[in-house]
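For the single chain, residues carry numbers from 1 onward in sequence order. Keep in mind the model is a prediction, meaning the values are calculated, not measured.
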Amino acid sequence: MSATPDATKTPAKLVFAAPRRGKPPRHLADLTSAERREAVVALGEKPFRADQLSRHYFTRLIDDPAEMTDLPAAVRERLVAELLPDLLSPVRELDCDGGRTLKTVWKAFDGVLFESVLMRYPDRATMCVSSQAGCGMNCPFCATGQAGLTRNLSTAEIVEQVAAGARAMARGRIPGGPGRVSNIVFMGMGEPLANYKAVIGAVRRITDPAPAGLGISQRSVTVSTVGLVPAIEKLAAEDMSVRLALSLHAPDDELRDELVPVNNRWKVAEVLDAAWAYADRSGRRVSIEYALIKDVNDQAWRADLLGRLLRGHLVHVNLIPLNPTPGSKWTASRPEDEREFVRRLEAHGVPVTVRDTRGREIDGACGQLAAATRD
């Protein structure tokens, strides 16, 4: 494929609003601590019952109501039914790396499918979570983008992905003995900032100290975006210390208009300005995500252009060897082109790493396993 898009091509359709569907049942993780107490009181119970439920879910990671023995049976049955409904069912699991990478396809109450991935490393365990079922950004090299947007996930549906990973770690399901999830990346299915309210709610539940939340540090959470500028500005105003990851994939507007259709609305310069403003406000280094695609965006001159745009900023480039989807014309760069791209960025003084390609043998790119399961 030519690296230069056809100037007459109609920009791909972007979907920012999710289609209207039934809402997931209310769950404890959808609510703040104060809202949980209000909900429990509305059910005719004392406010402290909300704290008990929170400790079971967020601290003890219990998913079997029978283990909540400090709650009288009648009270337990009612509160669990109202505030701890089953949200997700695993319909398929695949593992690799000796079991240290586990990918799960989840089915929600309405049958929609989405994915999460748990990756255990010697020094950390990272959960990659989905924020939407599908995605409306229509990036042509992405399996999820080509599937389209089905709906937004609720705050609790996002949090439950993390809680499930935390249970797997705590119970020793992942080789290496019992452990804990330490890092969260919103890099699964969907555009997180297009589901802003639910994602921010999930970040709060994930990072609130126990028993209000899972107690994971905000500095260990990364929120990705293709570049929704107003939402980046809104995220900066939250005054959180989560890391922003910007999926750039091209340094020039001509190519990025094709690879990341949202660029037709907010151009490279505007997106980077928003990212630098976020870095200034949060004090956190911005991660630039760049999928290397053979003969499309991996030219040496594009590496030089990217280096000139990024040098001098609080930034790190994460180069991603493209995980091609079945039947796709897009594929990963040649090793020699990847090495030259790295060399050029380093010559501009820009920190760069090449992402670990874990999960490739289990349809590791977001959307692949869900699509295969659905098919």
Practice task
Give the C-alpha distance, both sets of side-chain angles, the deciding distance and a yes or no for salt bridge (charged side-chain N to carboxylate O under 4.0 Å, His left out) between D70 and R76.
Solution key: CA-CA 9 Å; D70 58 345; R76 180 195 319 157; over 6 Å; no
Just wondering, do [Y] and [X] contact through their side chains at under 4.5 Å, heavy atoms?
{"X": "T155", "Y": "R205", "value": "yes"}
{"X": "L322", "Y": "F141", "value": "yes"}
{"X": "P211", "Y": "T59", "value": "yes"}
{"X": "L309", "Y": "L272", "value": "yes"}
{"X": "E338", "Y": "V354", "value": "yes"}
{"X": "M119", "Y": "V117", "value": "yes"}
{"X": "V260", "Y": "M137", "value": "no"}
{"X": "R204", "Y": "I200", "value": "yes"}

What's the spacing between [X] [atom1] and [Y] [atom2] if we round to 0.5 Å?
{"X": "E270", "Y": "I232", "atom1": "CD", "atom2": "CD1", "result": "9.5 Å"}
{"X": "E233", "Y": "L193", "atom1": "CD", "atom2": "CG", "result": "11.5 Å"}
{"X": "M127", "Y": "L118", "atom1": "CE", "atom2": "CG", "result": "5.5 Å"}
{"X": "D304", "Y": "R302", "atom1": "CG", "atom2": "CZ", "result": "12.0 Å"}
{"X": "W330", "Y": "C142", "atom1": "CH2", "atom2": "SG", "result": "12.0 Å"}
{"X": "T225", "Y": "L248", "atom1": "OG1", "atom2": "CG", "result": "11.0 Å"}

Ion pair check, [X] and [Y], cut-off under 4.0 Å:
{"X": "R37", "Y": "D51", "value": "yes"}
{"X": "R120", "Y": "D97", "value": "no"}
{"X": "D95", "Y": "K103", "value": "no"}
{"X": "K267", "Y": "D253", "value": "no"}
{"X": "K294", "Y": "D337", "value": "no"}
{"X": "D257", "Y": "R265", "value": "no"}

Shared ILVMFWY cluster between [X] and [Y], side chains joined below 4.5 angstrom?
{"X": "V342", "Y": "I320", "result": "no"}
{"X": "I62", "Y": "V181", "result": "yes"}
{"X": "F109", "Y": "Y57", "result": "no"}
{"X": "V350", "Y": "W276", "result": "yes"}
{"X": "L31", "Y": "L153", "result": "yes"}

Practice task
Establish, yes or no, whether the cationic atom of R124 lies under 6.0 Å from the six-membered ring centre of Y121 and within 45° of the ring axis.
Solution key: yes
Handout entry: Test log, rule side-chain contact (heavy atoms from CB on, under 4.5 Å), inputs I184 and T222
Key = CA-CA 6 Å; I184 310 298; T222 298; over 6 Å; no
Problem - Trace of the side-chain contact (heavy atoms from CB on, under 4.5 Å) decision for H348 with L306 - result: CA-CA 9 Å; H348 287 279; L306 183 62; over 6 Å; no
Between [X] and [Y], a side-chain donor and acceptor under 3.5 Å:
{"X": "S131", "Y": "E191", "result": "no"}
{"X": "N195", "Y": "Q132", "result": "no"}
{"X": "H27", "Y": "S154", "result": "no"}
{"X": "N297", "Y": "H249", "result": "no"}
{"X": "R55", "Y": "Q52", "result": "no"}

Closest non-hydrogen atom pair between [X] and [Y], with its separation:
{"X": "M187", "Y": "C128", "value": "C-SG, 3.4 Å"}
{"X": "P230", "Y": "W266", "value": "CD-CZ2, 3.3 Å"}
{"X": "R49", "Y": "L79", "value": "CB-CD1, 3.8 Å"}
{"X": "E157", "Y": "A108", "value": "OE2-CB, 3.6 Å"}
{"X": "E289", "Y": "S287", "value": "OE2-OG, 2.5 Å"}
{"X": "G134", "Y": "T144", "value": "C-CG2, 3.5 Å"}

Checking [X] side chain against [Y] main chain: does a donor-acceptor pair fall under 3.5 Å?
{"X": "Y196", "Y": "K234", "result": "yes"}
{"X": "Q299", "Y": "V296", "result": "yes"}
{"X": "N264", "Y": "P261", "result": "yes"}
{"X": "S130", "Y": "F114", "result": "no"}
{"X": "Q161", "Y": "V129", "result": "no"}
{"X": "R285", "Y": "L314", "result": "no"}
{"X": "S328", "Y": "P324", "result": "no"}
{"X": "T104", "Y": "W106", "result": "no"}
{"X": "R92", "Y": "V105", "result": "no"}
{"X": "H56", "Y": "M68", "result": "no"}

Practice task
Over 60° means perpendicular and under 30° means parallel, so classify the ring planes of F341 and Y290, tilted if in between.
Solution key: tilted
Handout entry: Intermediate values then yes/no, side-chain contact (heavy atoms from CB on, under 4.5 Å), V199 and I158
Key = CA-CA 8 Å; V199 165; I158 298 169; 4.1 Å; yes
Practice task
Tell me, yes or no, whether the heavy-atom count around D86 atom CG, taken from other residues, nucleotides or ligands under 6.0 Å, exceeds 12.
Solution key: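 Result for CG/D86: open.
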Practice task
Would you indicate whether E77, at its atom CD, is surrounded by more than 12 heavy atoms from other residues, nucleotides or ligands within a distance under 6.0 Å?
Solution key: no
Exercise for the section: Would you sort out whether E336 and R343 count as a salt bridge (charged side-chain N to carboxylate O under 4.0 Å, His left out), showing the intermediate values? Expected result: CA-CA 11 Å; E336 59 269 26; R343 190 190 71 77; over 6 Å; no
Problem - Candidate pair L319 and T353, rule side-chain contact (heavy atoms from CB on, under 4.5 Å), full reasoning - result: CA-CA 6 Å; L319 295 178; T353 53; over 6 Å; no
Practice task
Begin with the C-alpha distance, continue with both residues' side-chain angles, and end with the deciding distance and a verdict on salt bridge (charged side-chain N to carboxylate O under 4.0 Å, His left out) for R281 and E238.
Solution key: CA-CA 10 Å; R281 181 96 178 235; E238 300 280 352; over 6 Å; no
